[in-house]
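For ligands, and for the atoms within them, numbers begin at 1 and follow the listed sequence. As the structure is a prediction and not an experimental result, all values here were calculated from the model.
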Amino acid sequence: MKVELKNLTKIFPSRSKKAGEEVVAVNDFTFTIPDGKLIGLLGPSGCGKSTTLYMISGLQKPSGGQIFFGEEDVTDLSAEHRGVGLVFQNYALYPHMTVKQNIMFPLQNLKGADKLPKEEMIERAHQAAKLVQIDNLMDRKPSELSGGQQQRVAIARALVKMPKVLLLDEPLSNLDARLRLQTREEIRRIQKETGITTIFVTHDQEEAMSISDMIVVMKLGVVQQIGKPQEVYDDPINLFVAKFLGTPPINVFNGTVKGGKLYIGDAAVLDVPGVEDQDVTVGIRPEGFIPDKKGALVCNLSNIEVMGRDVSVVSTHEASLSPAIRSIIDADDMPAPGATVSYSLKPHKVFLFGREDEKRIYFEVK
Ligand code: ATP
């Protein structure tokens, strides 16, 4: 099912004059989510991710704009008639019910023509449980399950009604690191197997990048960039997006462009043909540094952390806006220990941004 958002806006009114301004939680969000894809909605706390999800689910009414499922305008349709499955951060399972009863619960609530015979409900619950691989735990109570298993029950419960759209709001936040990894792979597998259009909300960029067909990066209610994870990482539209994606994060410097060359401090570190003379903010991905004795960017070496195949070189520079510069280097190219480390740069890993507006300034990469 294709999901189309047209100028979707949500404004929360101010409660009183004292409480201050109204909040524009989502501002003019337009995007078509293609059928059968997994979309990661990504951004820092308060950027409007959950509000967007709740509007798609029908739990919250938009202040403006429209939502279409396929060709149908569902903007005014109530949540129970939209055919969405919702999974929240806290699994919200009924503690006194078994796994089977929890999964069957949404089917038992169906009314009128939608009502199902008991055998079919049990069969559907088994199918959903099998999909998330908990069919051997059907008679347990939630308290007898691990966090990851509980989240699978919640996903099975969302799937049992065969939703047209699956909405996941930070579904992995309560899991430990290992389970997070495992469960996110599970979610990807289930999504691919069922082909259900899925929207996944997270503030964790790594999580979103790893499982999404496309990511939507939001800031203060406004969509910043939409694209395939790798494309957005390789080609960020502004400094916010560049800083939000990537571990370790992008390294940021003050720089100046003069005569088609980029200067960091006094050193001309890169040719940037076609860029006008101006002060810029420079972002360099950790994998964009090449240790090079003749390299123009000379940093003060703080530490070299060996991480197996790669090494992380930690250094400082007076023009750096981050407290430490982190470069990721192949272990074979490890720089010699010393007071300084010199780098040349990979041009396609260096991004320029306007010093004031923080928008990307493009240059030709040879
Ligand atoms: P988080 O990751 O912390 O859940 P989020 O990106 O999901 O954040 P939202 O929950 O969508 O953000 O909130 C967006 C903005 O709308 C925030 O500034 C929030 O304070 C505000 N907001 C959300 N719900 C309400 C409400 N019911 N009344 C007033 N303001 C609200």
* **Subset of ligand 1 atoms that lie under 4.0 Å from at least one heavy atom of Cys47** => 5 (P), 6 (O), 12 (O)
* Counting from 1, what ligand 1 atoms have a heavy atom of Pro44 closer than 4.0 Å? -> 6 (O)
* Given the protein's heavy atoms, is any one of them under 4.0 Å from atom 23 (C) of ligand 1? -> yes
* For atom 20 (O) of ligand 1, is the nearest protein heavy atom closer than 4.0 Å? -> no
* To do: Return the minimal non-hydrogen interatomic distance between Met55 and Ile67, and the atom names on each side.
  => O-CD1, 3.2 Å
Among all protein heavy atoms, pick the one closest to [atom] and tell me residue, atom and distance.
atom: atom 9 (P) of ligand 1; answer: Thr51 OG1, 3.5 Å
atom: atom 14 (C) of ligand 1; answer: Gly46 O, 3.4 Å
atom: atom 10 (O) of ligand 1; answer: Ser50 CB, 3.8 Å
atom: atom 3 (O) of ligand 1; answer: Ser45 OG, 2.6 Å

List, one per line, each side-chain donor-acceptor pair under 3.5 Å for residues 120-140, sequence neighbours excluded.
| unit_1 | atom_1 | unit_2 | atom_2 | d |
| --- | --- | --- | --- | --- |
| Glu123 | OE2 | Gln127 | NE2 | 3.2 |
| Arg124 | NH1 | Val160 | O | 3.0 |
| Arg140 | NH1 | Glu144 | O | 3.1 |

* Only one of Gln151, Glu185, Glu206, Glu207 forms a side-chain hydrogen bond (donor to acceptor under 3.5 Å, both in side chains) with Arg180, so which one is it? -> Glu207
* Return the orientation label for the Phe31 and Phe29 ring planes: parallel under 30°, perpendicular over 60°, tilted otherwise. => parallel
* **Rounded distance [0.5 Å steps], CZ in Arg360 versus CD in Gln225** => 9.0 Å
* Select one of side chain, backbone, both or neither to describe which atoms of Val23 lie under 4.0 Å from any atom of ligand 1, heavy atoms only. => side chain
* Where's the contact between His203 and ligand 1, heavy-atom distance under 4.0 Å: side chain, backbone, both or neither? -> neither
* Asked: Looking only at distance, does Ala25 have an N or O less than 3.5 Å from an N or O of ligand 1?
  -> no
* **Under 3.5 Å: N/O of Phe12 near N/O of ligand 1** => no
* May I ask you to check whether over 12 heavy atoms, not counting those of Glu318, lie within 6.0 Å of atom CD? => no
* Qualifying residues under ring pair (Phe, Tyr, Trp, His ring centres under 6.0 Å), relative to Tyr94, sequence neighbours excluded -> Phe105
* To do: State yes or no: do Val84 and Leu159 share one hydrophobic cluster built from I, L, V, M, F, W and Y residues joined by side-chain heavy-atom distances below 4.5 Å, directly or via other members?
  => no
